[in-house]
Amino acid sequence: MINLILFGPPGSGKGTQSEKLIDKYGLFHISTGDVLRKQIAEGTELGKIADKYISAGQLIPDELMVDILRHHIESHPEAKNGVIFDGFPRTIPQAEALKNMMEDFSSEIHAVIGLEVEDDELMERLIKRGIDSGRSDDNPETIRKRLDVYHSSTQPLKEYYTKSGHYRKIKGSGSVNEIFNEISSHVDPIVKK
Ligand code: AP5
Ligand code: MG
């Protein structure tokens with residue numbers, strides 16, 4: 001059983017590569033963005049709160065986000081067989097909370113797969129997707145905000161997970177399959193251990 005964090009800026013391919021990781025390793029996928037968008041689509045109170053932050057390109061406050069994640073894990077027993085965390089953690093306090101949560105579940109994070117892509121390419125990908133995604137945050141102004149928030153609040157996690165020995169740097173540009181092969185070359189040895 002392994003737990004992976006798929007880490008990277010908006011548009012770096014976390015969702016795209018998650019699908020391939022699910023197929024190959026049978027892991028349970030948790031995209032915190034997808035969890036929040038489901039609440040928005042269902043019109044729940046939580047969805048109304050999340051919508052304000054997401055449409056503005058801002059992060060949901062840590063404490064709320066951590067509660068949502070814990071609840072999601074607890075209500076999905078499949079998560080016990082290994083998880084791909086896509087889009088979580090995004091701040092140092094979230095990373096600390098995840099570490100404690102994993103300890104509570106007698107588990108741990110095995111690797112942080114960091115997809116690295118230049119901002120210009122991210123902008124191009126997301127503007128292109130925005131044409132038909134229907135996502136309230138896929139417009140040039142909000143994409144720019146998301147990238148700023150990434151650099152100020154989320155990128156420090158790269159150093160955090162490099163220090164802890166978990167970070168695996170992946171070139172996130174190129175073909176989807178090439179990138180996946182590189183990810184696999186880091187994950188296979190962990191699975192075989
Ligand atoms: P979230 O849904 O996680 O969005 P994001 O991080 O901005 O990333 P995206 O989902 O847009 O991109 P991705 O990396 O998954 O790339 P994808 O594979 O789709 O979060 C949304 C919001 O929710 C946040 O802004 C925040 O408000 C809130 N939130 C979520 N988690 C939170 C947390 N932990 N704390 C607080 N708030 C939180 O690919 C993007 C595009 O590129 C696609 O069109 C794809 O086809 C294309 N593409 C993929 N790979 C390639 C490639 N190799 N070459 C060319 N194009 C490619
Ligand atoms: Mg995504």
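Remember, it's 1-based here, ligands and their atoms both numbered in the order they're listed. Predicted, not measured: the structure shown is a model, and the values here were computed from it.
- Contacts with ligand 1 closer than 4.0 Å are made by no heavy atom of A50, backbone or side chain.
- With respect to the salt-bridge test (charged N to carboxylate O, under 4.0 angstrom), the residues R37 and D34 qualify.
- The backbone of Q58, and not its side chain, has at least one atom closer than 4.0 Å to an atom of ligand 1 (non-hydrogen atoms only; backbone = N, CA, C, O).
- Under a 4.0 Å heavy-atom criterion, S18 is not in contact with ligand 1.
- Contact annotation: the side chain of L21 never approaches that of H29 to less than 4.5 Å [non-hydrogen atoms, C-beta and beyond].
- Neither the backbone nor the side chain of K128 comes within 4.0 Å of ligand 1, counting heavy atoms alone.
- Contact annotation for I179 and ligand 1: only side-chain heavy atoms (C-beta onward) come within less than 4.0 Å of the ligand.
- Below 3.5 Å of separation, one finds no N or O of E121 facing any N or O of ligand 1.
- Residue contacts with ligand 1 include G11, since one of its heavy atoms falls under 4.0 Å from the ligand.
- A salt bridge links K48 with E45: at least one charged nitrogen is closer than 4.0 Å to a carboxylate oxygen.
- Looking only at protein heavy atoms, the nearest one to atom 37 (N) of ligand 1 is I60 N, 3.1 Å.
- Heavy atoms of S12 come nearer than 4.0 angstrom to ligand 1 in at least one pair.
- Partner of D138 under the salt bridge (charged side-chain N to carboxylate O under 4.0 Å, His left out) criterion, out of R146, R125, R144, K145: R146 alone.
- Close N/O approach between Y53 and ligand 1 is not found [any backbone or side-chain N/O within under 3.5 Å].
- When only interatomic distances are considered, the shortest N/O to N/O separation between R90 and ligand 1 falls below 3.5 Å.
- For the pair E178 and ligand 1, no heavy-atom separation below 4.0 Å is found.
- Residues V187 and Y25 are in side-chain contact: their nearest non-hydrogen atoms beyond the backbone lie under 4.5 Å apart.
- A salt bridge links E159 to K163: at least one charged side-chain nitrogen sits closer than 4.0 Å to a carboxylate oxygen.
- Under 4.0 angstrom from ligand 1, there are no non-hydrogen atoms of D62.
- Less than 4.0 angstrom separates some heavy atom of P9 from each of these atoms of ligand 1: 14 (O).
- The G15 neighbourhood of ligand 1 comprises atoms 13 (P), 15 (O), 18 (O), with distances under 4.0 Å to a heavy atom of that residue.
- The distance from ligand 1 to the heavy atoms of Q94 drops below 4.0 Å at these ligand atoms: 33 (C), 34 (N), 35 (N), 36 (C).
- Heavy-atom contacts of I54 reach the following atoms of ligand 1: 22 (C), 23 (O), 27 (O), 28 (C) (cutoff under 4.0 Å).
- Across R125, R135, K145, K14, heavy-atom proximity to atom 4 (O) of ligand 1 is greatest for R135.
- Residue F88 has no nitrogen or oxygen atom sitting less than 3.5 Å from a nitrogen or oxygen atom of ligand 1, judged on distance alone.
- Contact record, Y150 with G8: CE1-C, 3.7 Å, taken as the closest heavy-atom pair.
- Looking only at atom types and distance, the side chain of Y160 has no donor-acceptor partner in the side chain of Q155 under 3.5 Å away.
- Proximity of a side-chain donor or acceptor of D51 to a complementary backbone N or O of I40 within less than 3.5 Å is not detected.
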- prompt: Stepwise, does the side chain to side chain contact (heavy atoms under 4.5 Å, CB included) test hold for T91 with L157?
  reply: CA-CA 7 Å; T91 63; L157 284 174; 5.7 Å; no
- request: Step by step, work out the salt bridge (charged side-chain N to carboxylate O under 4.0 Å, His left out) result for E108 and K99.
  value: CA-CA 7 Å; E108 63 176 310; K99 191 166 182 281; over 6 Å; no
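- Residue, atom and distance of the protein heavy atom nearest to atom 39 (O) of ligand 1 are T16 OG1, 3.7 Å.
- Remark: the D86 side chain and the T32 side chain contain no N/O donor-acceptor pair separated by less than 3.5 Å.
- Contact annotation for R129 and ligand 1: only side-chain heavy atoms (C-beta onward) come within less than 4.0 Å of the ligand.
- Taking the six-membered ring where the residue is Trp, Y161 and H166 present perpendicular rings, their angle passing 60° and hence far from 30°.
- Within the 4.5 Å cutoff, side-chain heavy atoms of F85 are placed close to those of L98.
- Remark: ligand 1 atoms within the under-4.0 Å shell around heavy atoms of G174 are 52 (C), 53 (N), 54 (N).
- A donor-acceptor contact closer than 3.5 angstrom is absent between the side chains of N181 and S184.
- Considering backbone and side-chain atoms together, M65 places no N or O closer than 3.5 Å to any N or O of ligand 1.
- Backbone and side-chain nitrogen or oxygen atoms of R146 are examined, and one is located within less than 3.5 angstrom of a nitrogen or oxygen of ligand 1.
- Residue contact check: T32 has heavy atoms under 4.0 Å from atoms 30 (C), 31 (N), 32 (C), 34 (N) of ligand 1.
- Atom 16 (O) of ligand 1 has its closest protein heavy atom at G13 N, 3.1 Å.
- Between D86 and ligand 1, no pair of N/O atoms sits closer than 3.5 Å.
- In this structure, Q17 has no heavy atom closer than 4.0 Å to ligand 1.
- The backbone N or O of N177 lies less than 3.5 Å from no partner atom in the side chain of K20, so there is not a single donor-acceptor pair.
- Of all atoms in ligand 1, numbered sequentially from 1 with element shown, those under 4.0 Å from a heavy atom of L36 are 23 (O), 28 (C), 29 (N), 30 (C).
- Without hydrogens or angle criteria, T154 side chain to R90 main chain gives a donor-acceptor distance under 3.5 Å.
- For ligand 1, none of its N or O atoms has an N or O atom of P10 under 3.5 Å away.
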